[in-house]
Amino acid sequence: MAVKMASDGLWQGENPLDFALPLLAVQIAVVLVVTQGLAFALKPLRQPRVIAEILGGILLGPSALGRWGAFHRTIFPEWSTPALDTVSGLGLLLFLFLVGLELDFRAVRRVGPRSVAIAAAGIVPPLLAAAGIVPLLDLAIPAPRQASYLSLCVFLGAALSVTALPVLACILKELGLLGVPFGETAMAAAAVNDVFAWTLLALALAVSGGGREPKGPPLAPVYILSSGAVFVAFTFFALRPLMARLARRAGPCSSDGDLACSCAVACALLAGTVTDAIGVHPVFGAFVFGLAMPREDGFAERIGEKVAPLVSGLMLPLYFATSGLHTNVDNVQGVAAWGMVALVVAVAVVGKFTGTFAVAVAGTGMARREAAALGVAMSAKGLVELIVLNIGKEKKVLDDTTFAIFVIMALTTTVIATPLMTALYRHQSTATTPEIDGMELKGGHACPA
């Protein structure tokens with residue numbers, strides 16, 4: 001049944017909450033009130049804002065208030081889900097575009113092979129552990145799976161090995177560590193880790209067939225990966241020079257500058273459409289296009305200043321709240337399922353911590369206390385983890401119970417990051433602490449804290 005956009009009003013005998021636009025407005029208002037209230041309550045604990053946003057969604061979802069039938073039917077009825085998911089998905093796409101804009105690999109080059117080695121050390125152990133977790137999941141959750149063993153391994157490997165760069169940046173900024181060598185190393189390693197994670201996610205989507213029976217030719221995964229590689233090459237070697245020319249022509253405060261920013265955002269949206277057509281999630285296209293944007297004359301920074309307030313203040317909280325709305329903690333039942341929660345958390349933390357600590361101490365000569373803090377820092381999940389999990393659920397690779405298990409893991413690893421880093425690495429920030437050129441999330445554009 002088609003849903004009308006707006007009602008004719010109460011005087012005409014129509015309930016506005018039975019129509020798409022007024023209901024969406026009420027849903028957004030409820031989400032913002034709940035998540036901002038939780039963020040205020042968690043502020044003394046120095047937790048990233050993403051924790052409040054996810055917890056707010058869980059509170060509004062089937063795990064808590066969603067049990068109240070009248071609330072669920074009135075505020076979050078089933079027919080409204082596509083509109084809410086579409087708006088939040090658009091916010092996610094624009095957020096990944098912002099993350100790409102903010103990542104500048106000058107700091108990676110400055111830190112050199114050290115950051116690459118630390119990133120690899122934090123990626124490989126949890127990636128290998130995923131192959132052993134999948135059979136255990138089948139034993140703990142004896143439900144039929146639509147995804148193949150290979151696609152589930154690659155997807156869970158990406159989920160376990162990822163580091164949430166924006167969340168890490170906010171934690172380091174709050175602890176006064178962005179302007180010291182430790183912070184520079186952590187941010188550079190996390191940047192390398194994020195690029196690898198998105199590449200691994202693209203591979204997972206290619207081999208998964210969306211968690212369904214493959215509809216195309218047997219070589220479809222090869223075609224998807226090849227097309228994705230062509231898209232990346234075209235973006236960097238053809239579109240980037242064009243955008244650089246546009247940036248030089250546009251003045252910093254002119255109408256042409258506004259036009260250039262609008263063109264960049266439009267291209268990011270179209271890049272998402274192209275990667276969706278290829279068979280990779282739209283956020284990958286937006287992220288790659290953001291990475292390819294020229295940094296000359298502050299062009300990328302101006303775009304971020306225009307787009308970030310709407311995305312970070314409204315659309316992104318809505319995305320993480322919808323993640324919570326789709327999470328039903330009740331799906332995790334029994335000793336075996338909660339044992340899997342403990343195992344997944346242990347693998348996510350210990351795997352990244354052990355590899356990072358060993359390479360940081362043995363390979364770079366870092367002090368043990370700093371190396372331990374770096375291992376904790378690289379274990380922070382939160383934001384990017386939730387993106388990976390939601391894509392996995394959307395593509396039918398992850399079932400509801402596995403999704404809930406990994407959401408609990410993402411919350412746990414992000415919550416413990418700040419207090420552990422505070423205990424391991426005490427550094428008093430000063431007014432003269434320099435900022436990390438090209439690696440800090442400038443002005444908090446993409447910062448969820």
Side-chain angles (χ1 to χ4, degrees), residues 85-106 165-166 191 194-195 197-199 201-202 205-206 224-316 318-319 383-384 387 391 438 441-443 445-447:
D85 287 348
T86 300
V87 174
S88 62
L90 179 62
L92 174 65
L93 191 148
L94 291 175
F95 173 74
L96 263 296
F97 171 58
L98 286 175
V99 171
L101 283 178
E102 299 286 358
L103 281 180
D104 190 335
F105 285 91
R106 285 175 293 180
L165 175 65
D194 263 19
V195 172
W198 290 114
T199 304
L201 180 60
L205 290 170
I224 292 172
L225 291 175
S226 302
S227 301
V230 170
F231 167 78
V232 172
F234 177 80
T235 302
F236 276 91
F237 297 109
L239 286 184
R240 182 184 173 93
L242 291 177
M243 295 305 297
R245 190 178 306 170
L246 182 63
R248 287 193 297 269
R249 180 174 297 180
C253 299
S254 66
S255 59
D256 288 342
D258 292 337
L259 177 62
C261 292
S262 299
C263 288
V265 172
C267 287
L269 298 175
L270 290 175
T273 304
V274 170
T275 51
D276 182 74
I278 288 172
V280 183
H281 199 277
V283 299
F284 182 75
F287 177 70
V288 170
F289 186 76
L291 280 178
M293 288 297 294
R295 269 63 178 173
E296 293 81 3
D297 301 321
F299 183 58
E301 187 172 356
R302 292 202 305 275
I303 297 172
E305 289 172 353
K306 292 179 180 294
V307 179
L310 177 65
V311 175
S312 298
L314 176 63
M315 301 180 80
L316 196 62
L318 190 62
Y319 175 78
L383 193 76
V384 182
I387 295 171
I391 293 174
L441 303 182
K442 305 176 185 66
H445 295 163
C447 181

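Since the model is a prediction, treat every value here as computed from it, not as a measurement.
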Can you tell me how far the [atom1] atom of [X] sits from the [atom2] atom of [Y], to the nearest 0.5 Å?
X      : Y      : atom1 : atom2 : answer
Glu305 : Glu301 : CD    : CD    : 5.0 Å
Met293 : Leu239 : CE    : CG    : 10.0 Å
Asp85  : Tyr319 : CG    : OH    : 9.5 Å
Leu242 : Thr235 : CG    : OG1   : 11.0 Å

Which of these, Leu93, Leu92, Leu94, sits in a side-chain contact (heavy atoms from CB on, under 4.5 Å) with Leu96? Leu92
Name of the residue among Phe284, Phe287, Phe289 meeting side-chain contact (heavy atoms from CB on, under 4.5 Å) with Thr275: Phe284
Please give me the minimum heavy-atom distance between [X] and [Y], naming the atom from each residue.
X      : Y      : value
Ala271 : Gly285 : CB-O, 3.5 Å
Pro309 : Gly304 : CD-O, 4.2 Å
Ala292 : Arg240 : O-NH1, 2.8 Å
Ala308 : Leu98  : CA-CD1, 3.7 Å
Val311 : Gly91  : CG1-O, 3.7 Å

Beyond-backbone contact of [X] with [Y], side-chain heavy atoms, under 4.5 angstrom:
X      : Y      : value
Ile303 : Phe97  : yes
Phe236 : Leu291 : yes
Leu269 : Leu90  : yes

